There are 2 protein chains.
Amino acid sequence: MPDSLRQFKAELFQALAHSTRIAILDLLREGELTAGTFSDRLGLEQANLSQHLAVLRARQIVTARRAGNQVIYSVRDPLIWKMLDLMRRYFHKQVGESMTMLEQLEKAEERGS
Amino acid sequence: MPDSLRQFKAELFQALAHSTRIAILDLLREGELTAGTFSDRLGLEQANLSQHLAVLRARQIVTARRAGNQVIYSVRDPLIWKMLDLMRRYFHKQVGESMTMLEQLEKAEERGS
DNA sequence: TCAGTATATTCGAGAATTCGCATATTCTTA
DNA sequence: TAAGAATATGCGAATTCTCGAATATACTGA
């Protein structure tokens, strides 16, 4: 496995490693959106959103095109959403495991003291 | 979509956002490995590897158990590898697109000047 | 108990990330 | 061309990440 591939993966993971950027990608599931939409919907500073969009642009995760006064963003490859979906699955599995571990602890306590 | 879930995803992506940690997870595809294996195989400082392992442990991506003198690591949930595999697919798709874009540019040049 | 092996932690420095604020840039419309 | 709307960029401060060096901890075997 070449290290350049690992480097690529690491950079992509890094780009996804912020809840605001994940929120942006979630919003884009609806389709294309103008840049302003993000600050409106997420209630964050315009400049801040623009910075996060710049990160996603730099990694080519989103593409932007100008339409008159505004800039329209969209996700370059829907595969990105699969990543987020896989993470959701992972989350639920982890939560599930924690629950059963708790249950077992409770049972052990009943039997115990 | 609750923000706690986005936060969870972001933290997990953050944990994956380093080529050394990706290399660790790739090595663990073979099965359990002792901590020392990583510094041997990757040719990095023992302390450095231990720090990266600590990151993966903190996010419960790997589990560690002591076996006498050494510590044996394994991946907690194979789903993690699916994430890496998905990233590989993403990489190849991107590369493919870049190639076709280059080809189109070349054709355009032939027709052009 | 002591020396040695395997692994983890702490610390400090340098780099990178994130944010708010101010300012630039790009485009439209009067 | 000037004002205004939409978006991006530059800057400085606070925080976080990463690394190497040194040190600590856990275990084994003599």
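Computed from a predicted structure; not experimentally measured. Chain letters run A, B, ... following the sequence lines, proteins first and then strands; every chain starts at 1.
Where A/Asn48 and B/Ala64 each meet DNA chain C at their nearest nucleotide, the meeting point lying more 5' is that of B/Ala64. When the nearest nucleotides of DNA chain D are assigned to A/Gln14 and A/Leu49 by heavy-atom distance, the more 5′-ward of the two goes with A/Leu49.
Protein atom CD1 of B/Ile72 is 12 Å distant from nucleotide atom C1' of C/dA6, rounded to whole Å. We find that CG of A/Leu56 is positioned 13 Å from P of C/dT17, with the value rounded to whole Å. Distance CZ (B/Phe38) to C1' (C/dT7): 12 Å, rounded to an integer number of Å. The CZ-P distance, from A/Arg57 to D/dT7, rounds to 12 Å in whole Å.
The hydrophobic clustering, which links ILVMFWY residues whose side-chain heavy atoms are closer than 4.5 Å, places A/Val55 and A/Leu33 apart.
The distance from atom CD of B/Gln14 to atom CD of B/Gln7, rounded to the nearest 0.5 Å, is 11.0 Å.
You won't find any donor-acceptor pair under 3.5 Å spanning the side chain of B/Gln46 and the base of D/dG20, going by distance alone. At a cut-off of 3.5 angstrom, counting only N and O atoms as typed in the model, there is no donor on one side facing an acceptor on the other between the side-chain of A/Gln70 and the base of C/dT26.
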For this session: Please assess B/Lys82 against B/Asp85 for the test salt bridge (charged side-chain N to carboxylate O under 4.0 Å, His left out), listing each intermediate value before the final yes or no.
Result: CA-CA 5 Å; B/Lys82 292 235 180 203; B/Asp85 294 342; over 6 Å; no

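For A/Arg29, the CZ atom is densely surrounded, since the number of other residues' heavy atoms within 6.0 Å is greater than 12.
Heavy atoms of A/Ala35 sit under 4.0 angstrom from primed sugar atoms or phosphate atoms, though from no base atom. Among the heavy atoms of the strands lying under 4.0 Å from A/Thr34 are primed sugar atoms or P, OP1, OP2 only; no base atom is included.
Using a 4.0 Å cut-off between charged nitrogen and carboxylate oxygen, B/Arg41 and B/Glu30 count as a salt-bridge pair.
When the side-chain nitrogen and oxygen atoms of B/His18 are compared with OP1 and OP2 of D/dC19, one or more of them lie within a distance under 4.0 Å. When the side-chain nitrogen and oxygen atoms of A/His52 are compared with OP1 and OP2 of C/dC19, one or more of them lie within a distance under 4.0 Å. The shortest distance between the side-chain N/O atoms of B/Arg66 and the OP1/OP2 oxygens of C/dA6 is not below 4.0 Å. Between D/dA6 and A/Tyr73, no contact under 4.0 Å exists linking OP1 or OP2 to a side-chain N or O. OP1 and OP2 of D/dA5 both lie 4.0 Å or more from every side-chain N or O belonging to A/Asn69.
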